[in-house]
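Report on one structure; see the data block that follows.
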Amino acid sequence: GRRIWEPYYGHRRAVNLGFNSDRTEHVLWRLDHGEIEGIAPKLAVVMIGTNNTGARHDPPGETAAGIQAILTTLRTRLPSTKILVLGILPRGASADDPLRRLNLAINDRVRAYADNQHVFFLDLRWHFLDDRGRLSQDLMPDYLHPNERGYQVWADGMEDMIKKLPGE
């Protein structure tokens, strides 16, 4: 997604703090150990949880609680920052994939964390699925990780919301 990043986020001086195989507890540890010290972003975009699902099959409530803790930490340490929480992207080829169903259950919980003043929720899954709920290999060849075209769909899907949020 590097070629997609620059035209969408370069002029916004955005920084990517996500890492391969990240889980909620990793993000919390980094937030508690200086990751956001000395910065005051206008917007933080958070999308985390699929690795909790895939790595350990964590129950939806546990992963959602981790996401809530991340949001609480961000709100406490960056009180003027707006937070856009993205629903976990779909995984697995079909709508009945067990890991996708876990992610949907997490998204249902996380959606309730949005207050639409400081924290906003956006579910991009429909941008990645056909009308029968199948995930396109043209966007996610392994049914989990977006390719360049998938990152384009992701960026396009967020752009209107990012422009609407204060501070843009």
Side-chain angles (χ1 to χ4, degrees), residues 1-39 41 43-74 77-78 81 83-94 97-107 109-110 113 119-129 134-159 161-162:
R2 192 174 305 256
R3 288 188 348 169
I4 305 305
W5 181 271
E6 188 57 35
Y8 281 87
Y9 311 113
H11 69 282
R12 292 175 169 137
R13 298 183 353 203
V15 73
N16 182 352
L17 300 177
F19 293 92
N20 186 36
S21 301
D22 246 356
R23 293 191 307 264
T24 55
E25 63 269 24
H26 302 141
V27 173
L28 282 167
W29 188 91
R30 290 195 311 274
L31 293 176
D32 287 341
H33 289 85
E35 179 110 294
I36 56 173
E37 294 301 317
I39 65 172
L43 175 67
V45 178
V46 176
M47 203 262 290
I48 188 74
T50 200
N51 291 323
N52 293 73
T53 300
R56 299 184 303 235
H57 303 263
D58 290 352
E62 286 182 22
T63 303
I67 294 169
Q68 187 173 40
I70 291 166
L71 299 177
T72 299
T73 300
L74 290 172
R77 298 208 176 141
L78 303 172
T81 298
I83 303 168
L84 175 58
V85 183
L86 300 179
I88 301 170
L89 296 178
R91 64 182 298 158
S94 65
D97 183 281
L99 297 179
R100 188 186 307 179
R101 290 197 326 246
L102 275 175
N103 284 352
L104 284 173
I106 295 163
N107 289 349
R109 287 169 169 81
V110 172
Y113 302 156
V119 179
F120 304 82
F121 181 83
L122 180 62
D123 188 348
L124 296 173
R125 73 181 139 146
W126 301 114
H127 296 269
F128 291 86
L129 303 174
R134 294 176 300 201
L135 183 57
S136 170
Q137 275 192 296
D138 292 337
L139 302 175
M140 292 182 175
D142 64 355
Y143 298 116
L144 176 61
H145 300 95
N147 59 17
E148 187 169 318
R149 188 167 167 229
Y151 280 111
Q152 181 71 58
V153 167
W154 184 347
D156 288 340
M158 286 195 313
E159 188 63 17
M161 178 70 101
I162 288 173

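No hydrogens, no waters, no symmetry mates; every other heavy atom, side chains included, goes into these values.
- The backbone N or O of Ala64 sits less than 3.5 Å from a side-chain atom of Tyr113, completing a donor-acceptor pair.
- With rounding to the nearest 0.5 Å, the separation of CG in Asn103 from CG in Leu89 is 9.0 Å.
- In this structure, Arg30 contributes its side chain and Leu17 its backbone to a donor-acceptor pair below 3.5 Å.
- Remark: side-chain polar atoms of Arg91 are not paired, donor with acceptor, to backbone N or O of Leu99 under 3.5 angstrom.
- Under a 3.5 Å cut-off, the side chain of Arg23 and the backbone N or O of Ala55 do not form any donor-acceptor pair.
- Using a distance-only test at 3.5 Å, with no hydrogens or angles considered, no donor-acceptor pair links the side chain of His26 to the main chain of Asp22.
- Side-chain contact between Trp154 and Leu86 is present, with heavy atoms from C-beta onward closer than 4.5 Å.
- Under the 4.5 Å side-chain criterion, counting only non-hydrogen atoms from C-beta, Phe121 is not in contact with Met161.
- A donor-acceptor pair under 3.5 Å links the side-chain atoms of Arg100 to the main chain of Ala93, judged by distance alone.
- A donor-acceptor distance shorter than 3.5 angstrom exists from the side chain of Asn107 to the backbone of Ile88, with no hydrogens or angles considered.
- Under the 4.0 Å criterion applied to side-chain N and carboxylate O atoms, Arg12 and Glu159 are assigned as salt-bridge partners.
- No donor-acceptor pair under 3.5 Å is formed between the side chain of Thr24 and the backbone N or O of Ile67.
- Using a 30° and 60° split on the angle between ring planes, Tyr9 and Trp5 fall in the tilted class, from 30° to 60°.
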